[in-house]
Amino acid sequence: MKIAIVLGTRPEIIKMASVMDEVEKRGHELLLIHTGQHYDKEMSENFFIDLKLPTPNYNIHVGSGSHGAQTAKMMEGIEEVLIDEKPDILLVQGDTNAVLAGALVASKLHIPVGHVEAGLRSYDETMPEEINRLAADICSKLYFVPTKESAINLVMEGISRKRIFVTGNTVVDACFRNLKISKNRDKSEYSQGLLDLDIDNMGSILTLTMHRAETVDDKERLTNIIEALEELDDINIIFPIHPRTKKTMENFGLFDRLNNLSHVHIIKPVGYLDFLLLLSKSTIILTDSGGLQEEAITLDVPALTLRYNTERPETVSAGGNILVGSDKELILENARKILDDEEFANKMKSAKNPYGMGNAAELMIKIIEDANETDTLKVLA
Ligand code: UD1
Ligand code: UDP
């Protein structure tokens, strides 16, 4: 079979890595299309190196831009490739603009779309990601959902149960396949940012990431978060900063305010192996990232999520994740409990990972093979 994958951003590369491995391991032809939405070495190329991934067959080089312009460029580029290459199926992952563009284009060309990480819902349509998820799920034919809860969301929207497969999340594949590799490396292989910090000897660590439009494009929210971080001065805060966040914090005049704090270490985004190491050594993860909420519970690290809703409610009900929004008091209260109350921290750490066993990609490719053998793929197209 010829299996096409469209991806364009850091989390898609990480979460599709095991799928690419399985496609090749099981003897299929992989057609890899990179939209070019993320283009800095630290946001794209480094992940291909760390995860030993093949060079994309095509890069559309869309770069940054408004949602409409960026999605339109992706659609034009993806359409051209799909018409030439005629894959048997197109896989998209998650909720970025690449997912929207890929799913729309392929479905109109009658190429069946498989949505990896389908069925997530925040029910917050002010988020561009929620629009992308909804639209991609309308265009998809096979739904690979991480949990039973995501399957139920799709069934409630009228999707046939026969097309929904609970596989777990490929982020668990990524964590399990790479954690040992990450820990067994020689220190000389760490990025300069981590080497300079000497993370093995620096004491307790809070890892911070934030990049969502609703968090980092809002000066008031950012200011509240920074005020909380100023008070958390008895823990090392490591902040691999997303390029979007660096730009907005500089524009708001907030970058230096945070960077000048002696317990805060702002570094460039790091590669996946470095990041897994950092997570595994963290006492708290403070984030608005989707993938990190999943990785935190997979690696037994308590997560505080800088949002008021989440499309990953399983992490909250399992007890490993608390939504703190950008509320200074909530951030401080919960961070203090994790730092000072061992019982509370241990309870968060022991939350059960709801995202499967780390074999999501293998299950997916077997399901696709079955659908192909029984001609279901052709019927679905
Ligand atoms: C995108 C996804 C988001 C995902 C995130 C993962 C959409 C709508 N958003 O958000 O769902 O969680 O990726 O990180 O698809 N920039 C650079 N270098 C780069 C890439 C971006 O400097 O390599 C800067 C540019 O100023 C750009 C800004 O970051 O305008 C935002 O980039 P963009 O790709 O539009 O969205 P993300 O915030 O990265
Ligand atoms: N990540 C990384 N290096 C970093 C920050 C994050 O490798 O400096 C990884 C992290 O482990 C997770 C993914 O990037 O797998 C999350 O990406 P991001 O937060 O950009 O996107 P989201 O998951 O919110 O869509």
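Within the 4.5 Å cutoff, the side chain of Pro302 has no heavy atoms near those of the Ile284 side chain. Leu104 is not listed as a side-chain neighbour of Ile78, based on a closest heavy-atom distance of 4.5 Å or more. When side chains are defined from C-beta on, Phe275 does not count as touching Asn178, because their heavy atoms never get closer than 4.5 Å. Side-chain contact between Phe144 and Ile368 is present, with at least one heavy-atom pair separated by less than 4.5 Å. With a 4.5 Å cut-off on side-chain heavy atoms, Glu12 and His38 do not count as touching.
Salt-bridge annotation for Glu22 and Lys25: present, with a side-chain N of the basic residue lying under 4.0 Å from a carboxylate O of the acidic one. By the 4.0 Å N-to-carboxylate-O rule, Asp274 lies close enough to Arg185 to be salt-bridged with it. Comment: Glu79 does not engage Lys108 in a salt bridge, judged by the lack of any side-chain N to carboxylate O separation of less than 4.0 angstrom. Here Asp340 pairs with Arg336 in a salt bridge; the nearest charged N to carboxylate O distance falls below 4.0 Å. Electrostatic pairing of Lys328 and Glu231 counts as a salt bridge here, judged by a charged N lying under 4.0 Å from a carboxylate O. Checked for salt-bridge contact, Asp288 and Arg307 miss the test: no charged N lies under 4.0 Å from a carboxylate O.
A donor-acceptor contact closer than 3.5 angstrom links the side chains of Thr305 and Asn321. No donor-acceptor contact under 3.5 angstrom links the side chains of Thr96 and Gln37, judged on distance only. Using modelled atom types and a 3.5 Å distance limit, the side chains of Tyr39 and Ser64 yield a donor-acceptor pair. For the residue pair Glu369 and His28, a side-chain donor N or O sits within less than 3.5 Å of a side-chain acceptor on the partner. For the residue pair Glu214/Thr126, the side-chain donor-acceptor check at 3.5 Å is not satisfied. In this model, a donor atom of one side chain and an acceptor atom of the other lie less than 3.5 Å apart for Tyr58 and Glu85. Side-chain atoms of Gln93 and Glu117 form a donor-acceptor pair, as typed in the model, at a separation below 3.5 Å.
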Worksheet item: Where do Leu261 and Glu230 land on the side-chain contact (heavy atoms from CB on, under 4.5 Å) test, with the steps shown first?
Response: CA-CA 7 Å; Leu261 300 172; Glu230 282 169 340; 3.5 Å; yes
Item to complete: Please report the C-alpha distance between Lys246 and Glu250 in whole Å, then the side-chain angles of each, then the deciding distance to 0.1 Å, and finally whether the salt bridge (Lys or Arg N to Asp or Glu O under 4.0 Å) criterion is met.
Response: CA-CA 6 Å; Lys246 183 157 191 286; Glu250 281 169 349; 3.0 Å; yes
Discussion item. Set out, in order, the CA-CA distance, both residues' side-chain angles and the distance that settles salt bridge (Lys or Arg N to Asp or Glu O under 4.0 Å) for Lys366 and Glu362, then state yes or no.
Written reply: CA-CA 6 Å; Lys366 284 185 178 162; Glu362 189 191 340; 2.9 Å; yes
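Using modelled atom types, no side-chain atom of Asn224 and backbone atom of Asp327 make a donor-acceptor pair closer than 3.5 Å. Remark: side-chain polar atoms of Lys180 are not paired, donor with acceptor, to backbone N or O of Arg177 under 3.5 angstrom. In this structure a side-chain-to-backbone donor-acceptor pair under 3.5 Å is present from Asn260 to Asp256.
Of all heavy-atom pairs spanning Met127 and Ser122, the tightest one is SD-OG, 3.6 Å. The two residues Leu120 and Ser150 have their closest heavy-atom pair at CD1-OG, 3.9 Å. Across all their heavy atoms, Thr167 and Leu363 have their closest contact at O-CD1, 3.8 Å. In this structure, Asp173 and Gly358 approach most closely via the heavy-atom pair OD1-C, 3.0 Å. The minimum heavy-atom distance between Phe48 and Leu32, with the atom names listed, is CE2-CD2, 4.0 Å.
Clustering ILVMFWY residues whenever any of their side-chain heavy atoms sit less than 4.5 angstrom apart, transitively, puts Leu142 in a cluster other than the one holding Leu134. One hydrophobic cluster, built from ILVMFWY side chains closer than 4.5 Å, holds both Leu232 and Ile322.
Under the rule for a ring-ring contact (aromatic ring centres under 6.0 Å, His included), the partners of His211 that lie at least two apart in sequence or sit in another chain are His242.
Counting non-hydrogen atoms of other residues, nucleotides and ligands closer than 6.0 Å to NZ of Lys268 gives a total of 12 or fewer.
Under the salt bridge (Lys or Arg N to Asp or Glu O under 4.0 Å) criterion, the residue pairs touching residues 148-171 are Arg121-Glu157, with sequence neighbours excluded.
Counting Ile, Leu, Val, Met, Phe, Trp and Tyr side chains that sit under 4.5 Å apart, directly or through other members, Ile297 shares a hydrophobic cluster with Val171, Val172, Phe176, Tyr355.
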